[in-house]
Structure formats: structure tokens, C-alpha cells
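What follows is a set of notes on a single structure, which appears directly below.
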Amino acid sequence: MTLKEIAAEAGVSISTVSRVINQNTNSPVSKEVKERILEIAKRTNYVPKHAKKGTAETSDSSPAKQLHSIACLFARVPDGASDYFFSTLAKSIEQEAFRHNYILKYTFSAFDIDDPSTLQLIATNDIDGIAVLGRCDKDLLKFLKKHFQYVVYSGLNNLDAKYDQIICDGAEISHAVVSRLIEQGHNKIAYIGESQNENRYIGYCSALEKAGISINPEYVTNIVQSTEEGYNGVRDLLANGCDATAFFCADDITAIGAMKAIKEHGLRIPEDVSVASIDDIDTAQYLTPSLTTTHIPLDEMGQMAAKILIDRIEGGHSKHVKILFPYDIIERNSTAGPKKI
């Protein structure tokens with residue numbers, strides 16, 4: 001496959017393809033066009049041939065470089081493709097890896113590692129390194145240590161292991177969001193999401209404790225984060241008489257289900273109760289009301305995870321590194337001060 005052929009299939013100029021392949025940021029290319037070009041390049045096994053610094057790539061006649069390969073492991077979900085947070089991270093890792101002559105050879109879930117076919121795949125497919133997305137338990141860490149020499153981790157929880165880590169701190173994010181709800185006047189704040197060994201729950205608790213608010217078990221529901229579980233969890237809380245004036249959800253997908261349950265219970269958002277969460281998925285701004293949430297720079301985290309993993313594979317660094325990314329609270333229409341009685 002040549003640049004010319006990729007350009008023809010993508011419906012763009014050869015120079016546009018060259019800019020994407022060679023990461024030339026002088027003339028920005030839209031995200032949609034970039035993804036289309038990279039998808040074609042991946043599907044057709046195009047190998048980028050980087051020219052010398054300061055020169056433009058003008059020919060596809062040079063020999064192709066050997067592609068290296070990596071894998072992604074979804075540690076917390078059975079199907080990463082259906083989870084916004086992890087699928088976005090994986091896609092960004094894949095795109096950045098490709099620019100460095102690496103391909104994402106395969107992805108699998110921690111839920112699959114006991115499957116004989118998965119173990120056979122790992123044993124027979126030679127990869128250079130692996131990106132682990134989401135918090136790991138001790139058994140999974142042992143598995144990684146046994147099967148993979150080069151590992152990078154990315155997620156919202158700090159990992160208690162000597163691996164390179166790309167993190168946006170879930171405890172800090174939750175603390176900030178719950179503190180903002182407290183500033184608005186809420187002191188009855190429910191938590192909807194996973195609570196076992198979860199940074200987001202830790203942040204929720206720390207914000208309440210700092211404000212001198214007791215943690216009420218009747219305001220907490222420990223669920224697997226999903227729209228259905230968010231709906232069921234909040235429905236059950238309300239049915240049991242929960243009088244929280246604000247609901248903090250561990251992610252936007254869970255918040256969508258929570259908002260449906262709140263409305264079905266006859267409560268208005270935010271007039272009767274407020275809802276806030278984490279992720280800032282595209283849908284959040286189009287909900288009614290639009291969802292107050294926290295933007296996490298997933299694209300940048302994925303890019304950095306790929307760069308750090310590749311640098312580790314190629315001997316660029318030996319000390320373990322931890323990179324902490326910032327976040328932004330996006331206040332929309334689902335939060336307000338508590339209803340005055």
C-alpha cells in the first residue's frame with residue numbers, strides 16, 4: 001500500500017496522509033480524517049517509513065521496516081470495546097503505537113485469561129509489550145509478571161506494582177466533585193458505583209470526612225458500573241427511603257441509568273436532586289438536563305501510555321515512571337443547590 005493509494009481510498013490528498021503518518025502538526029487534520037487514514041493504514045498493513053529529520057517523505061520505494069507489536073489487556077471489564085473509558089484509551093494507544101511502527105496485535109480481557117484458547121494465544125503470539133487498562137488484582141499481577149516483560153498501566157487507580165503508570169487520580173477527582181456538591185449546600189450525598197478497593201469511593205469518603213459529614217451506608221450502593229446497574233441501584237435506594245439531595249456516580253454510563261431512575265421516582269433534576277459523575281462522554285452534554293461531569297484526557301493518556309511502553313521496550317528508560325494527568329470539572333445543568341424546604 002502506498003501513500004497515494006491510501007489517499008485515494010480516504011478521499012484526501014497525499015500530503016494530508018503524509019502529515020498524519022508522520023505526525024506533522026504544522027497543518028492540523030481533523031480527528032475524523034486522521035482516524036480514517038489510520039484505519040486504512042492499519043487494515044492494509046501499511047508500514048510508515050519515516051524520512052530523515054527536516055525532510056519530507058516523497059517516495060514509497062524504500063524497504064518496509066519490520067512492524068513491532070503490542071497487546072492491550074482490559075483488567076476490569078469483560079468487553080473493552082463496549083466500555084467508553086477503556087475503548088477510548090485502547091484506540092488512542094493503538095493510533096500512537098502505529099506512528100512508531102508498532103501494531104496492536106490483539107486485545108483480551110482479564111476475564112478471559114483462564115480460557116485455554118487465550119492462554120494459547122499469549123504463549124504462541126510474540127509481542128513486545130502490553131498495556132494494562134484498569135485496576136489489577138494480585139492474581140492478574142502475577143499473571144503479567146509471568147508472561148510479559150514490558151508492561152505499562154493506565155487508569156484511575158494507583159497500581160501497587162513496579163510498572164510504568166499513566167494515571168488520572170480517581171480519588172482526587174471524586175474528592176473534587178463531591179467537595180463541589182458540598183459547596184453548593186448538599187450534605188446528603190449518595191454514591192453510585194464500585195466501592196471495594198476503588199479510588200473514586202475513597203475520594204467520596206474523604207470529601208465527606210473533610211467537611212465533617214458522616215458517611216451514611218444507606219446512601220451507598222456498591223454496583224458494577226453500567227447503565228442498567230446505575231438504574232437498579234438508584235431505584236432501590238429511593239425505594240428504601242433514601243433522602244439524598246445529590247447523587248455522585250462513578251461514571252457517566254452509570255449516571256445515565258441513575259437519572260432515569262430518579263425521574264421515574266417523580267423527582268426533578270436538579271430542582272429536587274443533583275447528579276454528577278466522571279468521564280465526560282459525548283452523550284453527557286445532550287442529556288436532559290445536561291450532565292455535570294469530569295473531563296479526563298483519555299486521548300492524551302493513551303498516547304503517553306504507548307510512548308512510555310515503546311520507550312521501555314526500546315531501552316529508553318529503566319526506572320519505573322508514574323505520570324499524573326489533570327482533569328476538569330464540567331459544570332452543566334444537572335447540579336444546583338439543594339431544594340429549600
Side-chain angles (χ1 to χ4, degrees), residues 74 76-88 111 134-135 155-157 170-171 173-174 177-178 180-181 186 188-205 207-208 215-296 298 329-336:
F74 299 106
R76 299 188 62 177
V77 292
D79 179 15
S82 63
D83 184 281
Y84 169 83
F85 184 96
F86 295 118
S87 64
T88 304
F111 293 79
R135 186 186 68 230
L156 298 182
N157 290 268
I173 296 169
S174 296
V177 175
V178 175
R180 177 60 186 140
L181 291 171
H186 296 280
K188 296 180 178 181
I189 304 172
Y191 174 84
I192 316 300
E194 294 183 40
S195 60
Q196 301 299 315
N197 301 315
E198 172 53 56
N199 269 9
R200 281 167 281 192
Y201 181 65
I202 292 172
Y204 162 81
C205 293
L208 294 180
I215 298 169
N216 187 342
E218 294 181 0
Y219 291 168
V220 177
T221 179
N222 179 32
I223 60 164
V224 176
Q225 285 145 212
S226 68
T227 300
E228 181 180 5
E229 288 295 299
Y231 172 82
N232 292 335
V234 171
R235 181 196 60 188
D236 293 344
L237 284 181
L238 293 173
N240 291 327
C242 175
D243 62 347
T245 61
F247 289 80
F248 170 60
C249 301
D251 63 15
D252 291 350
I253 296 298
T254 302
I256 291 173
M259 291 173 73
K260 177 177 172 60
I262 289 168
K263 292 176 182 178
E264 287 184 359
H265 196 74
L267 297 173
R268 298 167 299 165
I269 305 170
E271 292 85 355
D272 299 318
V273 294
S274 290
V275 179
S277 64
I278 296 174
D279 272 355
D280 194 26
I281 64 175
D282 288 341
T283 307
Q285 61 186 308
Y286 300 112
L287 296 172
T288 303
S290 57
L291 179 62
T292 292
T293 184
T294 311
H295 179 74
I296 298 170
L298 294 177
I329 296 177
I330 311 297
E331 292 202 43
R332 297 196 177 101
N333 298 326
S334 66
T335 52

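In this chain, residues are counted from 1 in sequence order.
- At a cut-off of 3.5 Å, with distance as the only test, a side-chain donor of Asn333 or Ser290 sits close to an acceptor on the other residue.
- Nearest heavy-atom pair across Ala250 and Ile278 is O-CB, 3.6 Å.
- Using the six-membered ring where Trp is involved, Phe248 and Tyr204 have ring planes that are parallel, under 30° apart on the 30 and 60° scheme.
- Counting only heavy atoms from C-beta outward, the side chains of Tyr84 and Asp251 never approach each other to under 4.5 Å.
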How far apart are the C-alpha atoms of Ser277 and Asp252, what are their side-chain angles, what is the distance that settles it, and do they pass the side-chain hydrogen bond (donor to acceptor under 3.5 Å, both in side chains) test? CA-CA 6 Å; Ser277 64; Asp252 291 350; 2.4 Å; yes
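- The two residues Ala258 and Val234 have their closest heavy-atom pair at CB-CG2, 3.5 Å.
- In this structure a side-chain-to-backbone donor-acceptor pair under 3.5 Å is present from Asn222 to Ser195.
- Distance check: Asn232 CG to Thr221 OG1 gives 9.0 Å after rounding to the nearest 0.5 Å.
- Between the side chains of Asp243 and Tyr219, at least one donor N or O lies within less than 3.5 Å of an accepting N or O.
- The minimum heavy-atom distance between Leu291 and Arg332, with the atom names listed, is O-NH1, 3.0 Å.
- Summarising the local packing, CD of Glu218 is surrounded by 12 or fewer heavy atoms from other residues, nucleotides or ligands at distances under 6.0 Å.
- Of all the heavy atoms in Ala255 and Val275, the pair that sits closest is CB-CG1, 4.3 Å.
- Without hydrogens or angle criteria, Ser334 side chain to Pro289 main chain gives no donor-acceptor distance under 3.5 Å.
- Between Tyr191 and Glu198, some side-chain heavy-atom pair lies under the 4.5 Å cut-off.
- A donor-acceptor distance shorter than 3.5 angstrom exists from the side chain of Asn157 to the backbone of Asn199, with no hydrogens or angles considered.
- Contact detail for His186 and Ser274: the closest heavy-atom pair is NE2-OG, 3.4 Å.
- Between Thr335 and Leu181, some side-chain heavy-atom pair lies under the 4.5 Å cut-off.
- Smallest separation of non-hydrogen atoms from Tyr201 and Glu194: CB-O, 3.9 Å.
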